[in-house]
Amino acid sequence: MYMLGKKVLLRGILGMVCALSIAGCDLSAPTHSGDNSVVPSNLKRVSYDDLPGWRDDDVRYALQAFRNSCRAKLQYTGRVVPDRELVAEKCRMLPAASADVATVRAWFESNFQPYQIFNDNGTSRGTYTGYYSPIIPACRTQTAECNEPLMGVPTDGRNYKGVAKKDIVEKNIGRVLYWANIVDVQNIQIQGSGMLQLDDGRQVKLNFAAVNDMPFKSIGEELRSRGIRPDGGYSADAVWQYLKKNPSLAKDVIYKNPRYVYFYESVPPDVIGKLGTPLSKIRSIAMDDSIYTLGMPVYINTNLSDGRRFRRLMIAQDTGSAIRGWIRADIFFGKGDEAYKFAHGQHAQGEMFILMPKEYSYVKPTK
């Protein structure tokens with residue numbers, strides 16, 4: 001008991017020294033062990049030298065996003081699950097917000113082990129898309145232009161699961177929050193959140209609250225099936241502009257998509273992901289939460305829509321119905337028109353590496 005007490009005391013002192021010095025400390029003796037009976041063969045242990053562009057990334061921005069993860073209540077689920085107490089330990093030892101990039105990089109390197117992720121077929125590349133939070137004009141009451149409700153989850157006990165969008169709207173299954181053009185409402189539902197510019201000059205933020213569990217049907221594909229081709233093709237821009245010019249068609253086409261998303265008003269006006277924390281512009285990603293525990297650092301190597309390389313440490317803080325697979329992520333580009341320019345065209349292949357707390361062996365070492 002005396003020797004055990006000395007070890008615990010020494011470890012506590014080391015932890016305090018690490019926290020006070022800000023620089024990363026590699027606590028090589030974990031306080032506990034985990035069950036390694038299920039080994040995710042899709043992960044291969046690598047070194048930081050194997051992460052393309054690692055030395056060039058300003059990881060201080062990722063640290064702030066990870067700090068938000070530490071404030072969340074992580075759900076330790078999926079197939080790649082970090083050790084709960086080791087994650088808590090890392091969160092207690094975060095570098096100060098004022099730490100320089102070299103210190104923050106050293107902290108990640110000392111505390112996390114990178115693993116390259118592979119698909120089930122052994123390939124190492126997957127798809128990266130993008131999303132953003134639009135800013136749309138909206139009204140407090142229904143008008144000719146603000147013709148579609150943005151609703152919150154019903155509080156009268158009425159069921160909305162499995163109920164199509166058209167029925168939800170026509171039967172008013174929900175609490176009307178605001179009104180906007182039906183095309184803008186569809187866009188904000190696809191993105192999962194958005195900022196409303198109200199007719200009285202105020203701005204309010206709506207975040208995802210719930211979904212009716214109905215399948216998503218592409219609006220562009222619905223137009224294509226009818227033999228309708230907007231000027232500019234089937235890009236999001238072209239489709240939305242065409243439908244706004246044809247409001248009767250817009251309602252008919254949009255209601256063919258049975259999925260409905262409910263919202264809640266966010267105060268302060270941050271974009272909140274599935275993890276329950278504010279999303280960070282080009283540092284937060286949505287990933288498959290049936291595979292990964294959200295909240296973990298993930299390094300990605302891909303391209304942006306304009307062809308530039310995008311090699312950054314990101315934090316998995318969100319998910320989405322279309323985000324499925326080992327190497328599949330949606331990059332959050334922020335709010336408004338500038339973010340839209342990058343998000344709507346983002347579709348590239350790339351590699352992915354996940355960083356796991358260093359002391360625990362998650363996969364068998366590869367030769």
Check each of Arg309, Arg308, Gln349 against Asn303 using the side-chain hydrogen bond (donor to acceptor under 3.5 Å, both in side chains) test, and report the only one that passes. Arg309

Sidechain-backbone polar pair: Thr103 side chain, Ala99 backbone, donor-acceptor under 3.5 Å: no

Decide yes or no on side chain to side chain contact (heavy atoms under 4.5 Å, CB included) for Leu294 and Gln317, but give the supporting numbers first. CA-CA 5 Å; Leu294 297 182; Gln317 296 177 315; over 6 Å; no

For Thr319 and Met287, indicate whether the former's side chain and the latter's backbone hold a donor-acceptor pair under 3.5 Å. yes

Taking atom CD of Glu222 and atom CD1 of Ile228, what is their separation to the nearest 0.5 Å? 8.5 Å

Can you tell if the side chain of Leu51 reaches within under 4.5 Å of the side chain of Gln116, non-hydrogen atoms only? no

Phe342 and Phe332: aromatic ring centres closer than 6.0 Å? no

Does the side chain of Trp240 reach to within under 4.5 Å of the side chain of Asp184, using non-hydrogen atoms? no

With a 4.5 Å cut-off on side-chain heavy atoms, are Ser133 and Gln191 touching? no

Test item: Met195 and Ile136 side chains (from C-beta on) under 4.5 Å apart, heavy atoms: no

Could you go step by step and tell me if Asp237 and Ser235 meet the side-chain hydrogen bond (donor to acceptor under 3.5 Å, both in side chains) rule? CA-CA 5 Å; Asp237 262 343; Ser235 68; 5.6 Å; no

Are Val185 and Met151 connected into the same hydrophobic cluster when the rule is that any two of I, L, V, M, F, W, Y join if their side-chain heavy atoms are below 4.5 Å apart? no

Are the side chain of Lys161 and the backbone of Val211 linked by a donor-acceptor contact shorter than 3.5 Å? yes

Write down the atom of Pro230, the atom of Tyr234, and the distance for their closest heavy-atom approach. CD-CE2, 3.8 Å

Looking at Asn207, is its backbone amide N or carbonyl O close enough to the side chain of Ser266 to form a donor-acceptor pair, meaning the two atoms are under 3.5 Å apart? no

For a quick check under 3.5 Å, do Ser218 and Arg224 share a side-chain donor-acceptor pair by atom type? no

Is there a side-chain contact between Leu206 and Ser193 in this structure, where contact means two heavy atoms from C-beta onward sitting under 4.5 Å apart? no

Considering residues, nucleotides and ligands other than Lys171, do more than 12 of their heavy atoms fall under 6.0 Å from its NZ? no

Using a strict cut-off of less than 4.0 Å between a Lys/Arg side-chain nitrogen and an Asp/Glu carboxylate oxygen, indicate whether Glu170 and Lys251 qualify as a salt bridge. no

Charged N-O contact under 4.0 Å between Lys341 and Asp306: no

With rounding to the nearest 0.5 Å, note down the distance linking CZ in Phe216 to NZ in Lys165. 8.5 Å

Hydrophobic clusters join Ile, Leu, Val, Met, Phe, Trp and Tyr when side-chain heavy atoms are under 4.5 Å apart, directly or via other members; which others share one with Tyr132? Tyr340

Is any side-chain heavy atom of Ile168 less than 4.5 Å from a side-chain heavy atom of Asn212? yes

From Lys90 NZ over to Glu359 CD, what is the distance, rounded to the nearest 0.5 angstrom? 3.5 Å

Any side-chain donor-acceptor pair under 3.5 Å between Asp288 and Ser290? yes

Linked, directly or transitively: Phe310 and Ile117 (ILVMFWY side chains, under 4.5 Å): yes

Just by modelled atom types, is the Ala286 backbone N or O under 3.5 Å from a matching donor or acceptor in the Asp330 side chain? no

Looking at Thr141, is its backbone amide N or carbonyl O close enough to the side chain of Tyr178 to form a donor-acceptor pair, meaning the two atoms are under 3.5 Å apart? no

By the definition ring pair (Phe, Tyr, Trp, His ring centres under 6.0 Å), identify the one residue from Phe353, Trp54, Trp107 that meets it with Phe112. Trp107

Consider only side-chain heavy atoms of I, L, V, M, F, W and Y, link residues closer than 4.5 Å, and tell whether Phe108 and Leu74 are in one cluster. yes

Considering all heavy atoms of both residues, which atom of Asp231 and which atom of Ala238 are nearest to each other, and what is their separation? O-CB, 3.3 Å

Got Leu249 and Arg226 here, is their nearest side-chain heavy-atom distance under 4.5 Å? yes

Between Met214 and Leu150, is there a shared hydrophobic cluster once you connect ILVMFWY residues whose side-chain heavy atoms come closer than 4.5 Å? no

Enter the distance from Tyr131:OH to Ile331:CD1 here, rounded to the nearest 0.5 Å. 10.0 Å

Cluster overlap Leu63 with Val101, hydrophobic side-chain contacts below 4.5 Å: yes

I'd like to know whether Asp199 forms a salt bridge (Lys or Arg N to Asp or Glu O under 4.0 Å) with Arg140, so could you lay out the CA-CA distance, the side-chain angles of the two residues, the decisive distance to 0.1 Å, and finally the verdict. CA-CA 8 Å; Asp199 48 359; Arg140 292 186 176 276; 5.5 Å; no

Check whether Asp57 reaches the backbone of Leu313 with its side chain - one donor and one acceptor, N or O, closer than 3.5 Å. yes

Kindly determine whether Tyr262 and Tyr160 satisfy ring pair (Phe, Tyr, Trp, His ring centres under 6.0 Å), including the steps that lead there. CA-CA 10 Å; Tyr262 289 97; Tyr160 60 88; 4.9 Å; yes

Any donor and acceptor pair, going by atom type alone, linking the side chain of Asp50 with main-chain N or O of Ser47 inside 3.5 Å? yes

May I ask you to check whether Thr129 and Gln346 show a side-chain donor-acceptor distance below 3.5 Å? no

Within a strict 4.5 Å, meaning less than it, do heavy atoms of the Pro52 and Glu351 side chains meet? yes

How far does OH of Tyr115 sit from CG of Leu355, to the nearest 0.5 angstrom? 10.0 Å

Which is it for Asn257 and Gln186 under the side chain to side chain contact (heavy atoms under 4.5 Å, CB included) test, yes or no, and what are the steps along the way? CA-CA 9 Å; Asn257 169 29; Gln186 179 61 72; 3.5 Å; yes

So CZ of Arg105 and OG of Ser110: to nearest 0.5 Å the spacing works out to 12.5 Å

Main-chain N/O of Met356 paired to Asp83 side chain as donor or acceptor, under 3.5 Å: no

Would Ser280 and Gln64 count as having a side-chain donor-acceptor pair, cut-off 3.5 Å? no

side-chain contact (heavy atoms from CB on, under 4.5 Å) partner of Lys205, chosen from Ile135, Ile272, Val271: Val271

Using every non-hydrogen atom in the two residues, find where Leu275 and Ala316 come nearest and quote the distance to one decimal. CD2-O, 4.4 Å

Hey, is CG on Asp337 packed in by over 12 heavy atoms from elsewhere, all under 6.0 Å? no

Assert yes or no for the condition that the ring centre distance of Trp326 to Phe118 is strictly below 6.0 Å. no

Are the side chain of Arg324 and the backbone N or O of Gly320 linked by a donor-acceptor pair below 3.5 Å? yes

Without hydrogens or angle criteria, can the side chains of Asn42 and Asn119 be said to hold a donor-acceptor pair below 3.5 Å? no

Step-by-step side chain to side chain contact (heavy atoms under 4.5 Å, CB included) determination, Leu279 to Asp318: CA-CA 8 Å; Leu279 298 182; Asp318 205 359; 3.7 Å; yes

After noting the C-alpha distance and the side-chain angles of Trp179 and Asn147, does the key distance pass the side chain to side chain contact (heavy atoms under 4.5 Å, CB included) rule? CA-CA 6 Å; Trp179 295 81; Asn147 53 17; 6.0 Å; no

